[in-house]
Amino acid sequence: MPYDGQPLAFGGDYNPEQWPEEVWEEDVRLMREAGVTLVSLGVFAWARTEPRPGEYDFGWLDRVLGLLHGAGIGVALATPTVVPPAWFYRAHPEALPVTREGVRLAFGSRGAICHSDPHYRAAAQAITARLGERYGRHPAVVLWHVHNEYGAPVMSCYCATCERAFRNWLMDRYGTLGALNHAWGTAFWGQQYGDWDEIGVPAATPTVANPAQQLDFRRFADAQARAGFRAERDVLHRLSPGVPVTTNFMAAPSQCDTADYWAWAKEVDVVTNDHYLITDGRRTQVNLALAADLTRSLAGGAPWLLLEHSTSAVNWQPHNPAKEPGQMARNSLSHVARGSEGAMFFQWRQSRFGAEKFHSAMLPHGGTGARVWREVVELGARIGELADLRDTRTRADVAMLWSWESWWAQRLEWKPSAALDARERLDAFYEALYDRHLTVDFFPPSAAGDLDPARYPLLVVPQLYAAPASLSAALERYVSRGGTLLVSFFSGIVDEHDAVHPGPHPGALRDVLGLTVEEFDPLLPGERITVTTPRGETYEADLWSEHVVPGDGCETVAVFAGGRTAGRPALTRRALGEGAAWYLATRLTGDALAAVVDLALADAGVTPADLPRDVELVVREGESGTYRFAVNHTGGEVKVTLPDGRQAAVATGAVEVFREPR
Ligand code: GLA
Ligand code: ZN
């Protein structure tokens, strides 16, 4: 496990280079007061550490590390490779990334990275090696934090170096031009390539660029960044044996499809994530729970670490409300409930200058008199008391399939409806399960065949547009052994090259679902369609309808009551072996979606806990015992029933942890 023998992590990004040295002692004194156990140090400090090419100033870092170590505070030491200094770009302006429109981005912000640039790669290796040599065995260093949020803000660079690297990557992937032409479907619109050098990056084109080319370019960009990570990680493994290496993911923001985190998760020693509340009118705790469940799933169910969240407001949304009293602790402990080995923040001391001076921090502009500070101190004590739950694992109830690659494909242009949004469906199904107080483990499609129905009686596939043809057989295995599968529309349509599977839709799922889809018939904005069941229930749907043709053994549970698809199945169920496969051919939201999820849950034999809405009950268990986290997001006190029958009160806004020793 990561940083063995350490307490739960509590702390944040520490950027002492923004402050005069006199402040550092106060920082460390206040960190102790707050119960800080871990800080991320040096994330943006390349220019301070290497002020001129090859000229290093480690004195300040020595002193900061010494102060922290003296106070018993662990350090997640960062490689500052997300911010090469100004001198680097002056010498190598071609290392600045180029946008799809051909604009070379400028220095003066952060994350101006072209991951293919050889000068950047060499410089990143060099600074990493210097840090590894100097601090690889420093007793304060318990974790390495490589780079920062790979892909934020730029993952894909369209420069000439990337173009050459892309061609090489394609040669490795396809071997022959014939294979590439076939995979990309270049027969369409006369795009055949006769020479590798004719192939470019999918830069701005007059109209839609080849979808398979676009997809491969995303894969390439992701792989380039990952290669950069691996290179730094390997240096650190050599120079800092035994110290785990991570990089902070952004696993769940609804618009952030930057990286394929299933691939990234295989590369890190410990999975870490950053999570911020988005003010979009939705219940923020649902996205938080999803993020935490997804991050734990990336870690294969093992404990992970929340490396950043905020004590209060962020500063990068149009409107940035402060967190209410108690909300910070509720957020932090919700992450812990779902497997995080602590709670870290961006950042320790609120900046006075720069782009993020209005972003909250552990030590706000208002100083130690401020509410946020008092809550930070309380939370530090609370997290300190939970030390025993280290290494326990969160228990999940049901499973979902999620694929970033499929989401990339789904987001490409010219689909049957521009309103299709796999992430929206993921959120919607997750919310329905959240409202039944169920904890979700996520899996990539490749894991479907190994899912154990005894452990995961329900598997939801919210919208898996791109999936391999083998998925159907994998899911038949799961269903026939007793699993209940619930698939939402526009799943299993294309392969990894965005080519439609042969035969009727949905090619990668039609066997397991026992049906075909003859034609898609999306609804117009504002248009709604009624779905009815034989028992007389009616649901209002929008966005999507289609002509489903059920096969033998596929029963129609609900039909479209009107519109162009009137009388056609909207919800089907196919019994298979000891389980069943459900298919929902339209978009339901809110209570209507919950009703369908309830049907599937009942079919799966899952009985949700009897709790009020907005109350979470999440269990971590392991050698040190069972920890039941009751999180109360409601405006009043609630009662939860413990396994021994006792009723326990949870105050409004509070989190209670009920522990049963083993
Ligand atoms: C990201 C970055 C941090 C900081 C925060 C602000 O997570 O990693 O450096 O900018 O956002 O919310
Ligand atoms: Zn580039």
Side-chain angles (χ1 to χ4, degrees), residues 1-4 6 9 13 38-46 49-50 61 65 74-84 110-111 113-138 140-152 154-155 165 169 219-251 258-274 295 298-300 302-308 341 344 404:
M1 260 317 294
Y3 41 96
D4 271 331
Q6 301 291 317
D13 276 34
L38 182 68
V39 293
S40 283
L41 182 66
V43 181
F44 304 105
W46 193 340
T49 311
E50 190 181 358
L61 211 41
L65 276 162
V75 173
L77 191 58
T79 66
T81 51
V82 74
V83 283
R110 67 168 168 183
I113 306 293
C114 164
H115 285 290
S116 306
D117 184 76
H119 300 289
Y120 169 72
R121 288 185 164 200
Q125 285 285 100
I127 187 74
T128 300
R130 295 310 302 264
L131 287 165
E133 282 156 11
R134 193 161 185 105
Y135 303 115
R137 293 164 198 271
H138 193 292
V141 176
V142 294
L143 181 64
W144 284 97
H145 171 319
V146 165
H147 205 86
N148 193 59
E149 293 186 340
Y150 275 92
V154 179
M155 187 62 114
W169 185 87
R219 294 189 178 106
F220 156 78
D222 192 47
Q224 287 296 90
R226 241 180 301 126
F229 169 78
R230 265 199 303 271
E232 292 190 34
R233 178 200 64 194
D234 292 350
V235 168
L236 296 170
H237 278 169
R238 187 162 48 79
L239 297 172
S240 189
V243 180
V245 180
T246 191
T247 184
N248 44 346
F249 294 171
M250 304 169 281
T258 317
D260 175 6
Y261 286 121
W262 291 122
W264 282 84
K266 293 185 188 138
E267 306 287 354
V268 297
D269 297 328
V270 51
V271 169
T272 58
N273 195 42
D274 296 350
T295 310
L298 289 168
W304 54 279
L305 179 60
L306 176 71
L307 211 53
E308 286 181 26
E341 296 286 65
M344 307 275 292
W404 279 274

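We count residues from 1, following the sequence as given.
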Go through the side-chain N and O atoms of T81 and H147 and say whether any donor and acceptor fall under 3.5 Å apart.
yes

Is the side chain of S40 donor-acceptor paired with the backbone N or O of D13 at a distance under 3.5 Å, no angle test?
no

So how far is it from H115 NE2 to F229 CZ, rounded to the nearest 0.5 Å?
12.0 Å

Would you indicate whether the side-chain heavy atoms of I127 and P80 approach each other to under 4.5 Å?
yes

Could you please spell out the steps behind the side-chain contact (heavy atoms from CB on, under 4.5 Å) verdict for V141 and L65?
CA-CA 8 Å; V141 176; L65 276 162; 4.2 Å; yes

Do you know which two heavy atoms are closest between L131 and T79, and how far apart they sit?
CD1-CA, 4.2 Å

Under the side-chain contact (heavy atoms from CB on, under 4.5 Å) rule, what do V75 and V142 come out as? Steps first, then yes or no, please.
CA-CA 6 Å; V75 173; V142 294; 5.9 Å; no

Measure the shortest side-chain to side-chain distance between T246 and D269 over non-hydrogen atoms and say whether it is less than 4.5 angstrom.
no

Is any NZ, NE, NH1 or NH2 atom of the basic residue among R226 and D222 found under 4.0 Å from an Asp or Glu carboxylate oxygen of the other?
yes

If I take atom CZ from residue R134 and atom OG1 from residue T49, how far apart are they, to the nearest 0.5 angstrom?
10.5 Å

Locate the shortest heavy-atom distance separating L143 from V243; write the atom from each residue and the value.
N-CG1, 3.5 Å

Rounded to the nearest 0.5 angstrom, the CG-NZ distance for L298 and K266 is 11.0 Å

Can a donor-acceptor pair be found, under 3.5 Å and without considering hydrogens, that links the side chain of R110 to the backbone of F44?
no

Would R219 and W169 count as a side-chain contact (heavy atoms from CB on, under 4.5 Å) if you check the C-alpha gap in whole Å, the side-chain angles of each, and the deciding distance to 0.1 Å?
CA-CA 10 Å; R219 294 189 178 106; W169 185 87; 3.7 Å; yes

If you round to the nearest 0.5 Å, how far is CD of E308 from CE of M250?
10.0 Å

L77 versus H145: any side-chain heavy-atom pair under 4.5 Å?
no

Shortest non-hydrogen contact from W144 toward S240
NE1-OG, 2.8 Å

Return the OG1 to CG distance between T128 and D234, rounded to the nearest 0.5 Å.
11.0 Å

Relative to the ring of W404, is the ring of Y261 parallel (under 30°), tilted (30 to 60°) or perpendicular (over 60°)?
perpendicular

Look up atom CZ in R233 and atom CD in E267, then write down how far apart they are to the nearest 0.5 Å.
5.0 Å

Under 3.5 Å, is there a donor-acceptor pair linking the side chains of T272 and W304?
no

Donor on one side chain, acceptor on other, N248 and N273, under 3.5 Å
no

Which heavy atom in P244 sits nearest to a heavy atom in V270, and how many Å separate them?
CB-CG1, 4.3 Å

Quick one: sort the W264 and Y150 rings into parallel, tilted or perpendicular, breaks at 30° and 60°.
tilted

Tell me the closest heavy-atom pair linking A9 and L305, and the distance in Å.
CB-CD1, 3.7 Å

Starting from the C-alpha separation in whole Å, work towards a yes-or-no answer on side-chain contact (heavy atoms from CB on, under 4.5 Å) for L239 and R137.
CA-CA 8 Å; L239 297 172; R137 293 164 198 271; over 6 Å; no

What's the shortest heavy-atom distance between A78 and G42, and which atoms?
CB-C, 3.8 Å

